Every structure is written in structure tokens, then in C-alpha cells.
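It should be emphasised that the depicted structure is a prediction, and the values quoted were computed from it without experimental measurement. The figures here come from the full heavy-atom set of this structure, side chains too, leaving out hydrogens, waters and symmetry mates.
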Amino acid sequence: MPVLDVPQNQQQRGLRQWWALAALTFPVLLMSIDLTVLSTAVPSLSEDLAPTATQLLWIIDVYGVFMAGLLVTMGSLGDRIGRRRLLMIGALAFGGASALAAFAWNAEVLIAARALLGLGGATLMPSTLSLIRAVFTDPAQRRRAIAVWAASFAGGAGLGPIVGGLLLEHFWWGSVFLINLPVMVLLLVLGPRLLPESKDPNPGPFDIASALLLTAAVLALIFGIKEIGKHGWAPASLTLLLAGGLLTALFAVRQSRLAHPLIDIKLFRSLPFTVAVLANIAGVFAMTGVLYFFPQYVQLVLGHSPLEAGLWSLPLAAGAVLGALAVPAVARRLTVGRVIGIGLAAAAAGYLTLSMLGTGGVLSVAFTGGVLIGAGVGMAETLTNDVIIGTAPAEKAGAAAGISETAYELGGALGTAVLGSIGTGLYRNQVLAGLPAHTPSAVTDAATQTLGAAGQAAAHLPPEQARPFLSLVNEAFVHAMTQTFTIAALIVGAAALAGFLALRRHRHTAADHH
């Protein structure tokens with residue numbers, strides 16, 4: 001069936017296209033905000049639920065992990081039952097999981113609720129890019145539409161801490177989840193009126209084994225990374241990573257033999273497609289990695305309010321939106337590879353800038369680093385998505401969109417898991433090296449878990465011990481954060497070089513007429 005009715009009046013048709021885009025970017029913005037909105041709530045959440053360091057990492061990124069593991073599966077389901085119908089089911093599921101998360105009574109319940117949010121988000125997301133491809137058949141219009149979509153994604157990640165900060169000025173930490181409810185109600189009301197139904201007329205059988213393999217592979221890899229952060233290269237960590245790698249290989253082999261695969265492995269035979277997917281992961285990796293540390297730094301080390309912590313993230317959000325919206329004009333003058341390379345190089349430079357922060361905090365350093373990371377990621381993400389969708393054949397648009405969105409969520413999960421685990425390990429080692437031998441074991445245990453837990457432990461120490469103790473843990477956190485930012489700069493810089501070299505001759509015209 002046609003994806004969009006064509007009115008007689010061309011102007012009316014164009015207006016309806018852009019209203020449809022607004023409806024499609026609405027859930028995208030919310031999903032992106034939800035990846036990072038919790039970051040400003042970490043101190044108050046830590047005080048209320050007292051999670052361990054590992055539980056805290058899971059609370060923050062289990063949402064992205066489950067979404068990444070389930071996006072392709074849910075996209076395949078949407079091909080069968082209808083993408084708009086799946087969007088509506090997702091809105092209901094996401095709203096219910098948000099209510100559970102808001103009133104979670106311990107860390108375990110909050111982790112479970114965030115996992116359910118990831119499941120709900122995975123049912124919301126898959127229709128967005130594939131419907132944009134169908135609604136905007138004109139290449140120039142599609143680029144502008146994807147620029148708006150990418151700005152919503154990148155800007156939402158930067159807006160998350162600001163939204164969280166505003167809410168925490170007046171309400172408890174659970175309020176950051178309740179904002180999802182009115183948005184989901186609005187989507188349920190407006191979605192059927194603005195969005196056409198769309199499905200694959202010949203989707204083939206639904207392969208449950210592939211869905212289970214993919215989800216298990218993603219979870220095993222993320223679990224393995226977290227175990228490295230907690231226990232180093234222990235046998236359990238290596239076992240999980242090896243299991244994740246084996247499951248990934250089995251999944252790839254299975255896909256290559258199926259007539260109707262969950263992920264079309266043949267798409268990765270295109271070098272521009274493969275590099276664009278990897279660059280997509282690197283861009284979101286850069287954005288979410290900094291947002292794991294920054295709100296804790298601003299609130300716990302510098303002593304600012306949650307709202308001020310959110311405002312310190314504003315340059316990141318503003319830079320992301322401006323970078324994404326500037327891409328169509330820039331890409332007319334430079335090749336895709338150059339723009340992606342410049343964008344990721346700017347993000348790497350932003351990380352190096354932020355690595356100069358100290359326990360005193362310098363607003364100009366934070367502002368410059370945030371703008372560079374935001375603008376760089378905004379530029380790179382817009383074009384990587386355009387390359388991914390544009391290089392795929394039209395009949396594979398849904399599969400390409402699923403891969404692009406999975407790369408985004410996986411990048412978000414890896415940004416927190418990898419950089420968060422590195423930072424946690426560095427922080428713990430620094431604290432253990434600096435604490436006096438006579439420190440009570442309960443204080444040591446708390447201090448090595450999270451900075452929030454260390455602050456609570458300090459309240460039980462005599463003033464003459466509390467002051468040097470807080471100075472030690474704050475310096476340990478800043479050292480771990482800045483070292484992690486330097487490592488992130490190297491990772492993102494390597495992605496910038498790969499994107500530039502592999503896509504240096506790739507232009508929009510090639511993608512548009514492929």
C-alpha cells in the first residue's frame with residue numbers, strides 16, 4: 001500500500017510530509033533524552049537507592065543495551081504487523097515502564113524497569129528512518145529530513161541532563177521518568193492521524209533463533225566489558241567476551257544462509273556502508289561517554305545544583321543541533337568522508353579539551369569542549385545516517401534503518417559501558433592507593449564504589465578526617481575522568497581517520513542515485 005497519500009495540491013502534500021516528519025522525530029527526541037536524562041539524577045538516586053558501582057552503570061545504560069539488542073528484531077516484527085501499529089504498541093509499553101521506573105523502590109527494580117524501557121523503546125524506534133525514506137523520495141528533501149532527525153537524536157542526548165536538572169530542582173529523581181507519560185499519550189493521539197500504515201508485503205518467516213542470538217551476543221559483550229571495569233581481565237570477563245564474539249559469529253553465519261535474514265549481511269559488503277555504521281557508533285559513543293561523567297563532576301566535585309549541571313551540558317546540545325543542521329550546506333562543498341572525518345576529529349579535540357579540567361572547574365574549558373564534541377558528533381551522525389540509508393537499495397531501506405538505529409543505541413551503550421568501566425577502574429585504584437591504612441573497611445568499600453557513596457561515607461567521619469578524605473576522592477574522580485577523556489579522544493580520533501580515508505571520494509550524489 002502507498003506510504004503517503006498524494007493530495008492534488010503539491011503544497012498541501014509537502015506540508016503533510018513535514019508534519020509526518022514531526023511525528024517521526026517526536027519519539028526519536030524522547031528516546032535520545034532518555035539515554036542521558038538520568039545522568040543528573042545520579043547523586044540523588046545514589047543517596048536514595050544506594051546502588052553499587054556496577055548497579056549504577058547498569059541503571060544508566062541497561063536501557064541502551066536492551067534497545068540495541070532488540071531494535072532489529074522489533075524492526076522485523078514491524079515489517080510484518082505494520083510499523084505504525086508497532087509504534088503505538090511501543091508507546092503503551094514505554095509509558096508503563098516509565099511509571100515503574102519512577103516509583104522503583106530499590107536498585108534491582110530500577111534496573112528491571114530500565115530494561116523494560118529499552119524493550120519499549122525498541123518497539124518505538126524502527127519505523128522512523130524507514131518511513132523517512134518512504135515519505136521523502138526526493139534526495140535533497142530526504143537529506144534535510146535526515147538532518148532534522150539527526151539533530152533530534154544528537155540534541156536530545158545533550159538536552160537530557162538539562163531536562164533532568166530542571167525537574168530535580170523541584171521534584172524527586174523519579175520525575176525524570178514521568179515526563180515520558182504525557183509525550184506517549186500525545187503520540188498515541190496524534191500518531192494515527194499523521195502517520196500512514198506501512199508494512200512489507202512479503203516479509204518472509206520471522207526467525208526467533210536469530211533474534212535470540214543477536215540479543216544474547218549484545219548482552220554478553222556488554223556484560224564482559226562491565227566485568228573488565230569491575231574485576232579487570234579476570235576469567236569471567238574473558239569468558240563473557242569470548243561468548244559474545246562466538247554468538248556474534250554464529251549470528252552472522254546464520255544470516256548469510258537465510259533467505260529472509262534479520263540483518264542483511266550483504267549490505268556490509270559495501271565499504272561506505274560498513275564505515276558509516278562504525279562511524280555512527282563512534283559518534284554516539286563520544287556523546288554519551290562524556291554525559292556519564294560530566295553531571296557527577298559538576299554536582300559532586302564542583303558542588304553545583306542539578307540544574308546547573310544540566311546547563312553545563314547545554315553547549316553539547318546546542319553544538320549537536322547546529323552541527324547537524326549545517327551539514328546539508330557543508331556537504332555540497334566537501335566529500336562525505338571529509339565532513340565525517342572533520343566532525344569526529346572535532347569531537348576528539350573536544351575530549352582533549354575536557355581532559356584539562358581540574359577540581360576547580362573552568363567554565364570556558366567545559367564550554368569549548370562541549371561545543372566541539374556536540375558539533376562534531378552532530379555533523380558526523382547526520383552524514384553517516386545518510387550514507388547508510390542512501391547506499392542501501394530502496395527495498396532494503398527498512399533493514400538499513402534498523403542497522404543505523406542499532407548502531408546508534410549500541411554506541412550509546414558502549415559509551416557508558418566502556419568509558420564508564422574504564423573510569424570506575426581508574427577511580428577505584430586511585431582511591432585505594434591514596435587512603436591511609438587505618439581507614440575503616442566500611443568507608444573504604446563506600447569510597448571505591450561511587451563518588452556519591454564516598455560523599456555519604458564522609459558524613460560519618462570526624463571533620464578533621466572528612467576534609468582530606470573528600471579531597472582525596474574528588475581528586476581521584478577528576479583524575480579518572482580526565483584520563484578516560486584522553487582515551488576517548490584516541491578512540492574517536494581513530495574513527496575520524498578511518499571515516500576520512502574510506503569515504504574520502506564518496507559524495508551525496510553517489511548515495512542518492514545508487
Side-chain angles (χ1 to χ4, degrees), residues 129 132 139-140 142-155 157-158 267-268 270-290 316 319-352 371-392 400-401 403-412 414-415 488-512 514:
L129 267 181
I132 284 174
R142 190 187 74 222
R143 279 199 298 276
R144 286 195 291 272
I146 290 177
V148 173
W149 181 91
S152 298
F153 246 152
L267 289 172
F268 287 93
S270 163
L271 181 63
F273 181 91
T274 302
V275 172
V277 169
L278 294 175
N280 197 325
I281 292 172
V284 189
F285 177 95
M287 183 74 85
T288 54
V290 73
L316 197 73
V321 173
L322 292 173
L325 295 179
V327 159
V330 175
R332 284 196 292 269
R333 295 170 177 81
L334 298 173
T335 62
V336 167
R338 284 187 178 178
V339 180
I340 291 174
I342 289 168
L344 292 178
Y351 260 124
L352 285 177
V371 168
L372 283 170
I373 292 174
V377 171
M379 289 173 63
E381 287 298 296
T382 302
L383 280 187
T384 54
N385 286 308
D386 195 33
V387 172
I388 290 166
I389 300 300
T391 53
I403 291 170
S404 177
E405 289 165 351
T406 300
Y408 182 92
E409 299 300 337
L410 191 57
L414 287 173
L490 295 173
I491 295 171
V492 178
L497 182 62
F500 174 76
L501 292 175
L503 300 171
R504 62 188 182 278
R505 292 178 183 158
H506 190 87
R507 286 191 175 273
H508 275 299
T509 50
D512 295 335
H514 183 81

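- Heavy atoms only, all atoms of each residue included: Ala347 and Ile373 are closest at O-CG1, 3.5 Å.
- Nearest heavy atom pair, residue Ala348 against residue Gly493, reads CB-N, 3.8 Å.
- Of the listed residues (Ile491, Val492, Val339, Leu497), just one forms a side chain to side chain contact (heavy atoms under 4.5 Å, CB included) with Leu344, and that residue is Val492.
- Closest non-hydrogen pair, Phe285 versus Tyr351, comes out as O-OH, 4.1 Å.
- When all heavy atoms are compared, the tightest approach of Phe500 to Gly341 is CB-CA, 4.3 Å.
- With Val275 as reference, Leu271 is the one residue of Leu278, Leu271, Val277 to meet the side chain to side chain contact (heavy atoms under 4.5 Å, CB included) rule.
- Contact record, Ala346 with Gly376: CB-CA, 4.1 Å, taken as the closest heavy-atom pair.
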